[in-house]
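Working notes for the structure below.
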Amino acid sequence: MKIKKEVNMCGIVGALAQRNVNEILLEGLRRLEYRGYDSAGVCLVDGEQQLQLRKSQGKVADLEARLHDNPAAGRLGIAHTRWATHGVPSDHNSHPHVSGQIALVHNGIIENYRDLRARLLGLGYEFASDTDTETVVHLIHSLTNEGMTLLEAVTAATAELEGAYAIGVISADEPQTLVCARSGSPLVIGVGIEENFIASDPMALRQVTDRFVFLEEGDVAQVSLEGIAVFDQHGEEVSRPVHKLDGGHDAADKGRYRHFMQKEIFEQPEVVKATLAGRIGAHTVLPEALGARANEILPEVKQVQIVACGTSYHAGLVARYWLEDWAGIPCAVEVASEIRYRKTAVRPGTLFVTISQSGETADTLAALRQAKELGYLASMTICNVPNSSLVRESELSLMTEAGPEIGVASTKAFTTQLVALQLFCIALAKANGMPADKEAELVGALHQLPELMEDFTGLDQLVKATSEAFAEKHHTLFLGRGVEYPIALEGALKLKEISYIHAEAYPAGELKHGPLALVDADMPVVVVAPNNELLEKLKSNLQEVRARGGELFVFASPRAGFASEPGVTVVEVPDAPDSLAPILYTVPLQLLSYHVALLKGTDVDQPRNLAKSVTVE
Ligand code: AGP
């Protein structure tokens, strides 16, 4: 079996109980909606041992409407949200796919589906969809026709698959069995009392259980009412531990907020505090902050290579400034989809650091797996999801404590990544001889962070008023200098992601090398302007914009000396220590994109074409 280590962002839920599981499956799908998808489906085995299949392009609500018109019930079922890869979003391409009495849901990509399809056509199978997935259900069906049980057929079929998969399979002929398997895509089994479940993410099952078995690469499992039997990639029955996940707050609840993104922006003071808790003393980063192994490894670090995607990549760019300034350690930062496809020269003593909210991003994971062959000193991940693939496969992990992030646009995950990175940079600088008074200054600032975060979220109404100037625009420029440049990049990413306004970010000093040609009265220019050593240089750059009729929106502290005037809107932000500015100035930019998206009426939490966990290459 050849396996390519990539996964896919669809959602799987399955249930076997002594009650109708339809609502459990639908609730599971609703909880997975944040991942991004374009169609949904469910299949149940009813009391007559018949498959009841309902599928719909669109949202889970469309599937519910279909179920309302044509109800289905059963004690065994599987359900799916699909993010199209092979075949357009449509009813017929939605999962579950069916062959005879067997139904299947799949996350991932089957790379040898063309060969399998040709073989199955030869056996007389007819295909109802354009998907790679449908080959798998016919393959399993063909094997049960040879007399295999469902478990045997799934085991034999998965041995033939090339690519990545997490699958859930049911047969109306075996109504007491739910079979699942994973390789390259995450899958968990939720353990209940005389009822058991499967899902691609534990969050889908938090309403029914808090106990989970995490399947490993190549595992096949048979789930019944009485228990779970797991077989490893060699077919040996193995015992996988049951993890109890703590209750936490229910992330699937928006509470008093209109959107998850809004809720997550306002949670930042609290989650930043949680990320610092137990990791800093009065004047120092505590030795236990990064763990015993980190304390052994950090003194050996001569260089750092950071790898991540999207917002997490921006967090890495910020860390580069901190590392080189405070620790004097060279740091390179690269997007995962680039580094994994080029030859890299690794110097001895280089620490490989990944940053990821989800811990499942395909490119970042692939880069980590590749790094293991390349002679890095060690691997470390900064991640928000315990038990995720990146955490399990990295030697060191530093968890952010953002709690589940549901909005596709990353907000609290980013600021907690910056907090964790700051702890890492201080610890590394300390191991490299940073004086105690510098550490005390940085840690002292971190103690002020939760309260300052609260003050910055308090800018909400001011930013809302400012957002009106953006709603009718088609292009925006974001400027920053130094460590604020990655914050400008992040601000531009947020705006384009959720309001669909084209936004670019530049280091302000680069303006005259090209982008100044774009500046006119129709292109608002957003400026991140803390009161630091680059302020005067930044002000000169802003003159260049004003001289071309560009309208400025400047986020600055009172000490920076900006004043609103025609063509210049100053959003005054609270004064803050330099070391915290990148974390804090992110907040008004998040609020800006949120309010602009509200004015534009876009889908804030699930912007078009995007998925929360980008688990395809
Ligand atoms: C940010 O708003 C994005 N949705 C996206 O760029 C995200 O940060 C990126 O896909 C990386 O995800 P990860 O942090 O889960 O690895």
Side-chain angles (χ1 to χ4, degrees), residues 6-9 34-37 83 186 200-201 203 259-262 264-265 268 306-319 333-340 353-369 380-394 397-400 402-418 420-421 478 486-487 489-500 503 505 586-587 589-594 596-597 602-617:
E6 277 155 11
V7 285
N8 172 292
M9 46 255 223
Y34 74 96
R35 293 163 75 104
Y37 68 102
W83 189 83
S200 42
D201 181 334
M203 194 191 293
H259 294 100
F260 283 112
M261 183 187 179
Q262 186 191 25
E264 289 157 3
I265 291 172
Q268 290 178 111
I306 297 179
V307 172
C309 303
T311 287
S312 299
Y313 167 70
H314 296 156
L317 290 177
V318 173
V333 190
E334 193 160 343
V335 289
S337 55
E338 284 298 314
I339 200 167
R340 65 178 286 202
V353 178
T354 57
I355 307 171
S356 174
Q357 187 285 129
S358 62
E360 301 293 349
T361 301
D363 284 318
T364 312
L365 192 53
L368 167 66
R369 287 170 176 165
M380 168 171 163
T381 189
I382 293 185
C383 190
N384 193 40
V385 179
N387 279 310
S388 61
S389 302
L390 278 174
V391 171
R392 281 186 282 130
E393 297 188 27
S394 299
S397 53
L398 178 55
M399 301 310 299
T400 50
E405 190 180 66
I406 307 291
V408 164
S410 199
T411 53
K412 61 176 181 169
F414 178 67
T415 45
T416 53
Q417 281 168 350
L418 291 181
L421 281 163
F478 283 69
I487 300 309
L489 283 169
E490 175 58 11
L493 177 65
K494 285 292 88 85
L495 189 70
K496 71 181 96 164
E497 208 175 9
I498 63 166
S499 74
Y500 315 149
T586 299
V587 177
L589 300 189
Q590 295 168 343
L591 290 167
L592 179 67
S593 61
Y594 176 71
V596 174
T602 53
D603 188 342
V604 171
D605 285 331
Q606 291 165 43
R608 68 187 181 200
N609 305 341
L610 299 178
K612 181 65 186 165
S613 194
V614 183
T615 49
V616 282
E617 179 180 356

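Every number for a ligand or one of its atoms is a count from 1 in the order of the listing. We're numbering straight along the sequence, starting at 1.
Of all protein heavy atoms, the one lying nearest to atom 10 (O) of ligand 1 is Val614 CG2, 3.7 Å. Nearest non-hydrogen protein atom to atom 15 (O) of ligand 1 is Ser358 OG, 2.7 Å. Closest to atom 11 (C) of ligand 1, if we only count protein heavy atoms, is Cys309 O, 3.3 Å. Residue, atom and distance of the protein heavy atom nearest to atom 16 (O) of ligand 1 are Thr361 OG1, 2.4 Å.
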**Report entry** Arg369 vs Glu393, salt bridge (charged side-chain N to carboxylate O under 4.0 Å, His left out): CA-CA, chis, key distance, verdict
**Finding:** CA-CA 8 Å; Arg369 287 170 176 165; Glu393 297 188 27; 2.7 Å; yes
Report task. Might you work through the side-chain hydrogen bond (donor to acceptor under 3.5 Å, both in side chains) test for Glu497 and Ser593, ending with a clear yes or no? Result -> CA-CA 9 Å; Glu497 208 175 9; Ser593 61; over 6 Å; no
Report task. Mind running side-chain contact (heavy atoms from CB on, under 4.5 Å) on Val587 and Leu591 for me, showing each step along the way? Result -> CA-CA 6 Å; Val587 177; Leu591 290 167; 4.2 Å; yes
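Shown in contact with Ser312 at under 4.0 Å from a heavy atom are these atoms of ligand 1, numbered in order with element: 8 (O), 13 (P), 14 (O). Near Ala409, with a cut-off below 4.0 Å to any heavy atom, the atoms of ligand 1 are 2 (O). Residue-ligand proximity, Gly310 to ligand 1, at heavy-atom distances under 4.0 Å covers atoms 6 (O). Against a heavy-atom cut-off of under 4.0 Å, Ser410 is close to the following atoms of ligand 1: 1 (C), 2 (O). Those atoms of ligand 1 that come under 4.0 Å of a heavy atom in Thr311, given as number and element, are 1 (C), 2 (O), 6 (O), 8 (O). Those atoms of ligand 1 with a heavy atom of Lys494 less than 4.0 angstrom away are 1 (C), 2 (O).
In terms of polar-atom proximity, Glu497 is counted as a contact of ligand 1, with an N or O under 3.5 Å from an N or O of the ligand.
Residue-level proximity to ligand 1 for Glu360 is absent, since no heavy atom of it falls below 4.0 angstrom.
Using a 3.5 Å distance cut-off with no hydrogens or angles, the side chains of Glu360 and Ser389 do pair a donor with an acceptor. A donor and an acceptor atom, one from each side chain of Gln357 and Ser312, are nowhere located under 3.5 Å apart. Side-chain contact check for Thr311 and Lys494: at least one donor-acceptor pair (N or O, by modelled atom type) lies under 3.5 Å. For the residue pair Thr411/Gln268, the side-chain donor-acceptor check at 3.5 Å is not satisfied.
When side chains are defined from C-beta on, Ile487 counts as touching Val318, because their heavy atoms get closer than 4.5 Å.
Put simply, part of Val408 is less than 4.0 Å from ligand 1, judged by heavy atoms.
In this structure, CG on Leu589 lies 10.5 Å from CD1 on Ile265, to the nearest 0.5 angstrom.
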